[in-house]
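One structure below.
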Amino acid sequence: FKGGDTCEYLLSSGRFLGEKVWQPHSCMMHKYKNSEAKNCLIDKHVVFIGDSRIRQLFYSFIKLINPQVKEEGIKHGNIPFEDKSASIKVDFLWYPEVNGSMRQRIKSWTEGSVAKPHIIVVGAATWSIKIHNGSNEALAQYKINITSIAPLLEKLAISSDVYWVLQDPVYEDMLSESRKMITNEKIDAYNEAAVRILNSSSRNSKAKVKVFSVSKLIAQETIMKSADGLHLPESSRDMNAMILMNVYCNKIMKPIDGSCCQPQPPLTLIQKIAFCFFTLSIIGYLIISLIHRNNYRKNKSCTDLESGEEKKPAISTPNVSTLQMLLQCFCKLGLIMTYFYLCDRANLFMKENKFYTHSSFFIPIVYILVLGVFYTENTKETKVLNREQTDEWKGWMQLVILIYHISGASTFLPVYMHIRVLVAAYLFQTGYGHFSYFWIKGDFGVYRVCQVLFRLNFLVVVLCIVMDRPYQFYYFVPLVTVWFMIIYATLAVWPQIVQKKANGNCLWHFGLLLKLICLLTSIYFLSYSQGAFEKIFSFWPLSKCFELNGNVYEWWFRWKLDRYVVFHGMLFAFIYLALQKRQMISEGKGDPLFSNRVSNVLLFISIVSFLTYSIWASSCKNKTECNELHPSVSVVQILAFILIRNIPGYVRSVYSSFFAWFGKISLELFICQYHIWLAADTKGILVLIPGYPMFNVLVSTFIFVCVAHEISQITNDLAQIVVPKDNSTLLKRLLCIAGFFSGLHFFSAMQDQSRH
């Protein structure tokens, strides 16, 4: 660990990911759009001073503000640029040599009331080498001149950002005869002189001239593609301009995926309270453990010498053990949340940008599929979508989604469309599972609802507090929570129609179908009425849960993307359970689901449908258009998979215990990846071991999976304590939870006021 100055890393070190993606050492670069660049540089004055290489950088920089700019200025003269809409001025000043003229220009900004530029980018040397034929006298004079300029730049650096651009290497074989004296040896001598003088002149580390040396590293890899051996290719100078934009703008704009040059965010009031709570929990657990251990030693079983029988202490401590379990859970959770915070909020561990290649996605997919097949076992029951099978389904889908996220495969549209089906399949299981439970059990009690809501939301609520993120940020949990409540409301509202009631009178089946039709109509209406949807979720307190960046558009988009699939899951459950009740399907071990002929026909149709969807998804050209069709057609591949997995008796009778293990903690894996496997809220990759990408992924993955498993255990333990079966006790707990969220809202309002 070398410290937290990621600006220095951004300006001085990095490597290429592929041909055109630059990865700074230890931090992430944000790709600035024109609108973002304008917002950052509003009312700012930027000056580039130097030769033709600096002019190249100037043009790349202003194209980030206005891509329509053409390189038509005077080659050996000053070039002004102004964006009146944002009051941005960017000037290029032609000073190809570090001499008295350049010194005079820089000095003019240090005197009197002259307006100083906010950003100054300076660099020159190749002209001095060229004009003086690479003589040692010219280098000596360069040292004298830069020594006289350095104090002026230091003075400017107190109030402005000043960057000295080191000279890029040249491709000597391509240089024209008039430039043959510009050698890499000479350039290195000039760069060494500039760095030594600028560093020695620095008196205050906060106001020193920043040396822009990363351009040299980029040029070493790309100068061979230069048109003349001297000037960088366009892609390389664009990288330099983007680095410059990140150095200045990240601390202003604070982009999530731009961790370079961003200071560590200050602790909020709620985070401080959470820290105190977890600290007290750890202290309390240690104290109770010591007391419990001492009591155990005092009351330890001893042998009665007269009777020879063992005497047991007549002490019952159920309350102590419950309290101890509660504190133990919070103690472990506190340590885990500390790790979360250190990984993704403190500038302790490094972060890197994602970079997609086909091999980085498909090779791990093949590897885990082989592992999954290797761990094949017999199922305890052979029903359609039995528990082991659904756990297996969740498990392999979650592993594929994790690989998709860490490899950055969202940039490859065919993979994106298939991953969308996996997310839809999770929601399909939500509809299928909850409908089946309510339909068969008829249990609409508060206990069941509270148990489900607690298990779904506990981790996310804790992360919202510790990581200072809104609830909607973890979009999948709000999605399944709302759909659970919709399923509950649909079936619980009068008349309550359950399987037991429907078996007595077939008309109740039509009543249930009528409920499902009403649900489908409501979904259809809300999906095409954004205004009505936003009004519903803009009411307090729903707005506090579903707003992101001040509006509920993101929530509407996420909900709309898979709007029908939960309904499809409910309908499938209804049809399947009706067929099962009438014994129209065979679920014996090794038996096909239907008669051989029907099974073969359905299996053929399912395989064709599955492949047809994949071909369509792979041929997608426009993400927006494909997303519009996705809600209606995703169910085709989901149903095809279910039939392929369940029609053959042998396939239905086995499952992968490897995938099923991951399926049991799939929710925790999905949420934990945001901060302790990925980084910068999923935008980048966490780097625990720099310089060894594969080893880093192995170590971070092992910790990530262990943490997810532990959180799953903690959630299950706390669910038993926080959500008891006794209704009167449960009511008291609910009042306490309501008080907790009221306090949370109060402190959140205080936070918002202090921020404004």
Side-chain angles (χ1 to χ4, degrees), residues 384-385 420-421 423-444 448-449 452 478-537 542 555-582 584-585 602 605 609 613 627-640 642-643:
V384 173
L385 293 180
R420 287 256 41 97
V421 176
V423 175
Y426 266 101
L427 294 172
F428 181 93
Q429 286 194 51
T430 297
Y432 172 84
H434 291 307
F435 178 91
S436 299
Y437 178 87
F438 290 128
W439 175 250
I440 295 168
K441 301 282 186 182
D443 177 11
F444 297 99
R448 166 70 181 178
V449 176
V452 172
L479 205 55
V480 291
T481 300
V482 167
W483 277 116
F484 167 73
M485 293 308 298
I486 289 172
I487 296 165
Y488 177 80
T490 302
L491 297 176
V493 74
W494 183 89
Q496 285 185 4
I497 305 171
V498 295
Q499 190 178 55
K500 189 176 180 181
K501 183 186 284 189
N503 289 340
N505 189 340
C506 289
L507 290 175
W508 286 116
H509 286 95
F510 293 104
L512 182 64
L513 287 173
L514 191 62
K515 279 189 171 187
L516 292 177
I517 290 168
C518 291
L519 173 61
L520 181 62
T521 306
S522 302
I523 293 168
Y524 182 83
F525 170 75
L526 287 175
S527 65
Y528 288 98
S529 178
Q530 185 180 349
F533 185 93
E534 289 184 352
K535 280 182 181 178
I536 292 170
F537 288 96
L542 290 179
W555 165 234
W556 180 74
F557 170 77
R558 294 288 183 184
W559 178 86
K560 185 183 176 185
L561 204 53
D562 294 298
R563 57 187 178 272
Y564 298 128
V565 75
V566 174
F567 169 80
H568 291 145
M570 295 170 70
L571 187 61
F572 175 82
F574 174 69
I575 295 169
Y576 161 66
L577 293 170
L579 292 174
Q580 187 188 59
K581 190 69 180 175
R582 284 158 180 73
M584 296 175 69
I585 53 177
L602 284 176
I605 292 171
S609 301
Y613 182 90
N627 277 342
E628 283 296 319
L629 288 171
H630 166 77
S632 304
V633 299
S634 61
V635 71
V636 172
Q637 195 164 41
I638 295 169
L639 289 177
I642 292 172
L643 293 175

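Bear in mind that the values here come from a model prediction, so they are computed numbers and not experimental data.
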- Applying ring-ring contact (aromatic ring centres under 6.0 Å, His included) to His568 and not counting sequence neighbours gives none

- Task: Sequence neighbours left out, what passes salt bridge (charged side-chain N to carboxylate O under 4.0 Å, His left out) with Arg558? Give chain and number order.
- Result: Glu554

- Task: Flag the pair Lys441 / Lys500 as yes when at least one side-chain heavy-atom distance between them is below 4.5 Å, and no otherwise.
- Result: no

- Check whether any side-chain heavy atom of Asn503 sits under 4.5 Å from a side-chain heavy atom of Gln499, and report yes or no. yes

Residues 569-579, side-chain donor-acceptor partners within the protein, below 3.5 Å, at least two apart:
| unit_1 | atom_1 | unit_2 | atom_2 | d |
| --- | --- | --- | --- | --- |
| Tyr576 | OH | Gln580 | NE2 | 3.0 |
| Tyr576 | OH | Glu587 | OE2 | 2.6 |

- When you measure from the centre of the six-membered ring of Tyr528, is the NZ or CZ of Arg563 under 6.0 Å away and within 45° of the axis? yes

With a 3.5 Å cut-off and sequence neighbours excluded, list the donor-acceptor pairs that the side chains of residues 427-439 form with protein atoms.
| unit_1 | atom_1 | unit_2 | atom_2 | d |
| --- | --- | --- | --- | --- |
| Thr430 | OG1 | Tyr426 | O | 3.2 |
| Ser436 | OG | Tyr432 | O | 2.7 |
| Tyr437 | OH | Asp443 | OD2 | 2.9 |

- When rounded to the nearest 0.5 angstrom, what distance separates CG in Asn627 from CG in Asp562? 9.0 Å

- Query: Got a second to check how far Leu542's CG is from Trp555's CH2, nearest 0.5 Å?
  - Reply: 10.0 Å

- Check whether any side-chain heavy atom of Leu479 lies under 4.5 Å from a side-chain heavy atom of Trp483, and answer yes or no. yes

- Interatomic spacing from SG in Cys518 to CD1 in Ile523 - rounded to 0.5 Å: 11.5 Å

- Item | Smallest separation among heavy atoms of Ala532 and Phe525, with atom names | CB-CE2, 4.0 Å

- Message: For Phe537 and Trp556, I'd like to know if the aromatic rings sit close, meaning centre-to-centre distance below 6.0 Å.
- Response: no

- Item | Atom of Ser632, atom of Tyr564 and distance for their closest heavy-atom approach | OG-CE1, 4.1 Å

- Note on the structure: Minimal heavy-atom distance between Leu561 and His630, with the atoms involved, is O-CD2, 3.1 Å

- Item | Any residue meeting side-chain hydrogen bond (donor to acceptor under 3.5 Å, both in side chains) with Glu534, in chain and number order, not counting sequence neighbours | Gln530

- Task: Hey, could you give me the CD1/OG distance between Ile638 and Ser609, rounded to the nearest 0.5 Å?
- Result: 13.0 Å

Donor-acceptor pairs under 3.5 angstrom involving side-chain atoms of residues 487-498: please list them, not counting sequence neighbours.
| unit_1 | atom_1 | unit_2 | atom_2 | d |
| --- | --- | --- | --- | --- |
| Tyr488 | OH | Phe444 | O | 2.7 |
| Thr490 | OG1 | Ile486 | O | 2.7 |
| Gln496 | NE2 | Ala492 | O | 3.1 |

- Message: Nearest 0.5 angstrom please: Trp559 CH2 to Leu526 CG, how far?
- Response: 5.0 Å

- From NZ (Lys560) to OG (Ser527), nearest 0.5 Å: 6.5 Å

